Amino acid sequence: MPLANSPTTYGPVARAFHWLIALGILLMIPLGWIAHLAPMQDADQIALKTTLFSVHKTLGVALFLLALARILWALVQPKPVPLHPHRKGETLLAEAIHWVLYAALVLVPLSGWIEHAATDGFAPILWPFGQNLPFVPSSPQVAETAATVHFLSQWALVGALALHIVGALKHTLMDRDATLARMARGTHAGGEGHGHGFALPLALALLVWAGVLGGGAAAGYFAQDERAEGPALEQAASDWQVQEGTLSISLVQMGSEVTGSFADWTAAIAFEPQDAPGNTGEVTVTISIPSLTLGSVTSQALGPDFFAAETHPTATFQADLMNAADGYVAEGTLTLKGAEVPVSLPFSLTLDGDTARMSGRTTLDRMNYGIGENMADAGQLSHEVEVIVELTATRSAE
């Protein structure tokens with residue numbers, strides 16, 4: 001049995017591609033909406049939603065690869081001639097819809113894949129490869145743009161698919177011709193030598209996509225809201241002024257490391273170097289919670305279930321600075337989201353005249369502060385949050 005198409009029918013390879021992709025689309029569309037609408041109020045609901053999205057993403061990548069193979073096969077194969085070549089308008093419309101479908105089969109899964117690759121730590125693809133993509137950074141802006149393309153192009157897919165199905169039903173029920181039979185069973189129909197071009201149908205398809213994506217842009221779908229970070233903290237009166245530094249956090253969500261940092265924080269430092277063990281000073285660190293950037297999950301992290309930045313806009317760490325046998329440690333209390341919890345922060349310190357360079361880290365349990373209690377399962381979101389502090393400070397002039 002020949003595998004290739006002929007001018008009068010589709011070969012078994014093209015037919016297999018057609019029906020496998022059709023099955024994939026019919027599975028993917030409802031699965032995506034079910035996953036999107038599924039609640040995530042507790043650990044069980046979050047686990048179900050994660051599984052639904054993981055299956056959706058995995059099938060989407062598979063469908064993307066299958067669609068690429070389908071398109072490559074179509075490019076090297078003759079396309080069966082139209083059964084009604086004299087119906088030029090109908091033939092043109094059918095060809096344009098096919099091109100819209102081909103583009104949708106690439107754009108819909110690819111944009112979803114890019115969104116996944118740009119997003120930190122949620123619903124992994126269910127095989128080892130594909131969690132990241134070359135040239136796609138972990139970026140909320142990239143993820144949001146890709147998500148918008150995914151949303152708009154899915155409607156182009158749905159619309160083209162509906163017209164495609166309506167056309168097939170018309171040929172079967174009204175025209176009673178072999179259009180569907182050629183794709184379903186490989187039935188031969190039509191005459192030889194009635195080829196047709198692709199330039200005009202392709203141009204019409206491009207106009208459709210320009211309307212979909214351009215219309216979405218005009219309607220503001222691609223606009224990204226600037227995140228309000230609240231008023232900047234006032235500079236703290238301090239014996240040592242921080243010249244530069246970072247305050248960052250790291251945790252694991254759905255098996256992936258997520259890192260972020262606070263852009264706005266102050267440190268009031270009183271410190272007198274001494275060789276003997278004991279108290280060498282004190283520090284008060286004030287942190288602006290709304291200044292947190294945590295990759296693509298920033299909005300979720302600042303929401304009421306997590307840091308609750310709107311109602312608890314600052315956190316405070318007050319500690320004594322202790323010279324210990326093996327280095328330094330800040331022993332104090334972290335006040336965060338209304339909870340006060342003792343915290344010990346070991347750090348290294350290098351002094352060069354009136355310049356001090358400090359580097360320290362500690363691990364907090366987010367559950368002690370009521371952060372993410374709806375994600376109590378450590379397999380979904382680690383309870384341990386690593387805090388890393390690095391700064392350079394200079395002694396203030398007397």
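Keep in mind it's a predicted model, so treat the numbers as computed, not measured. Just the heavy atoms: all of them, side chains too, but no hydrogens, waters or symmetry mates, feed the values below.
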Search all heavy atoms of Tyr369 against all heavy atoms of Lys337 and return the closest pair with its distance.
O-CD, 3.5 Å
What pairs of residues pass the ring pair (Phe, Tyr, Trp, His ring centres under 6.0 Å) test when at least one of them lies in residues 234-263, not counting sequence neighbours?
none
Is Tyr102 reachable from Leu26 through a run of I, L, V, M, F, W or Y residues, each pair having side-chain heavy atoms under 4.5 Å apart?
no
Say you draw a straight line from CD of Glu384 to CE of Met367; how long is it, rounded to the nearest 0.5 Å?
11.0 Å
For a 4.5 angstrom cut-off between non-hydrogen side-chain atoms, does Ser153 reach Ser111?
yes
Donor-acceptor side-chain pairing of Glu331 and Ser344 below 3.5 angstrom
yes
Nearest 0.5 Å, please: how far is CD1 in Ile114 from OG in Ser139?
12.0 Å
According to a hydrophobic-cluster definition based on side-chain heavy atoms being under 4.5 Å apart (Ile, Leu, Val, Met, Phe, Trp, Tyr only), do Leu105 and Val208 belong together?
yes
Tell me every residue that passes side chain to side chain donor-acceptor pair (under 3.5 Å) with Lys170, counting only those two or more places apart in sequence or in another chain.
Glu90, Asp175
Within this structure, what is the CG-NE2 distance for the pair Leu27 and His56, rounded to the nearest 0.5 Å?
11.5 Å
Verify same cluster id: Ile125, Leu68 (apolar side-chain graph, 4.5 Å)
yes
Decide yes or no for Val387 and Leu247: does some side-chain heavy atom of the first lie under 4.5 Å from some side-chain heavy atom of the second?
yes
Decide yes or no on side chain to side chain contact (heavy atoms under 4.5 Å, CB included) for Leu336 and His312, but give the supporting numbers first.
CA-CA 8 Å; Leu336 171 63; His312 299 281; over 6 Å; no
Could you work out, with ring-ring contact (aromatic ring centres under 6.0 Å, His included) as the rule, every residue matching His150, not counting sequence neighbours?
none
Among pairs that include at least one residue of residues 331-353, which meet ring pair (Phe, Tyr, Trp, His ring centres under 6.0 Å), considering only residues two or more places apart or in two chains?
Tyr328-Phe347
If you measure only the distance, is there a donor-acceptor pair under 3.5 Å linking the side chains of Glu257 and Ser250?
yes
Show the numbers, then the answer: is there a side chain to side chain donor-acceptor pair (under 3.5 Å) between Gln241 and Thr394?
CA-CA 5 Å; Gln241 294 293 331; Thr394 56; over 6 Å; no
Quick one: do Leu161 and Met28 end up in the same hydrophobic cluster if we chain Ile, Leu, Val, Met, Phe, Trp and Tyr together by side-chain heavy atoms under 4.5 Å apart?
yes
I would like to know whether His84 and His86 meet side chain to side chain contact (heavy atoms under 4.5 Å, CB included); could you show each step before the answer?
CA-CA 5 Å; His84 309 284; His86 57 284; 3.8 Å; yes
Measure the OG1-CD1 distance between Thr246 and Ile388 for me, rounded to the nearest 0.5 Å.
8.0 Å
In the structure I gave you, are the side-chain heavy atoms of Thr392 and Thr355 within less than 4.5 Å of one another anywhere?
yes
Under 3.5 Å donor-acceptor, Ser261 side chain and Ser248 backbone
no
Nearest heavy-atom approach of Ala356 to Leu351 is CB-CD2, 3.6 Å
Which value, rounded to the nearest 0.5 Å, describes the distance between Phe53 atom CZ and Leu126 atom CG?
13.5 Å
Output for pair (Leu110 CG, Leu133 CG), nearest 0.5 Å, gives 7.5 Å
Just do the side chain to side chain donor-acceptor pair (under 3.5 Å) check on Thr266 and Gln235 with the steps written out, would you?
CA-CA 6 Å; Thr266 63; Gln235 185 173 350; over 6 Å; no
For residues Glu244 and Glu390, determine if any side-chain heavy atom of one lies less than 4.5 Å from a side-chain heavy atom of the other.
no
Trp73 to Ala4 - nearest heavy-atom pair and separation
CZ2-CA, 4.1 Å
Determine whether Ser6 and Thr8 satisfy the following criterion, side chain to side chain donor-acceptor pair (under 3.5 Å), listing intermediate values before the conclusion.
CA-CA 5 Å; Ser6 77; Thr8 57; 3.3 Å; yes
Under the criterion side chain to side chain contact (heavy atoms under 4.5 Å, CB included), I'd like the reasoning laid out for Phe317 against Thr333: C-alpha separation, chi angles, the key distance, then a yes or no.
CA-CA 6 Å; Phe317 177 53; Thr333 300; 5.9 Å; no
I need the minimum non-hydrogen distance between Val285 and Trp265, along with the two atoms involved.
CG1-CE3, 4.2 Å
For Gln141, look at atom CD and say whether over 12 heavy atoms of other residues, nucleotides or ligands are found less than 6.0 Å away.
yes
Connected via hydrophobic side-chain network under 4.5 Å: Leu157 and Trp155
yes
Look at the side chain of Thr280 and the backbone N and O of Leu321, then say whether any donor-acceptor pair between them is shorter than 3.5 Å.
yes
Does a side-chain N-to-carboxylate-O contact under 4.0 Å join Glu272 and Arg395?
yes
From CA spacing to verdict: salt bridge (Lys or Arg N to Asp or Glu O under 4.0 Å), Lys79, Glu95:
CA-CA 11 Å; Lys79 187 164 185 178; Glu95 290 295 317; 3.2 Å; yes
Residues which pass ring-ring contact (aromatic ring centres under 6.0 Å, His included) with His36, listed by chain and number, not counting sequence neighbours:
Trp33
Can His383 and Asn368 be said to form a side chain to side chain donor-acceptor pair (under 3.5 Å), step by step?
CA-CA 9 Å; His383 290 185; Asn368 290 337; over 6 Å; no
Could you pull out all residues at least two apart from Thr9 that satisfy side chain to side chain donor-acceptor pair (under 3.5 Å)?
none
Between the side chains of Asn132 and His116, is a donor N or O closer than 3.5 angstrom to an acceptor N or O?
no
Hey, is Lys57 close enough to Glu115 for a salt bridge, meaning N to O under 4.0 Å?
no
How about Phe271 and Val283: do any of their side-chain heavy atoms sit closer than 4.5 Å?
no
Can you find a pair of side-chain heavy atoms, one from His164 and one from Leu101, that are under 4.5 Å apart?
yes
If you define the side chain from C-beta out and look only at heavy atoms, does anything of Ile25 sit under 4.5 Å from Ile21?
yes
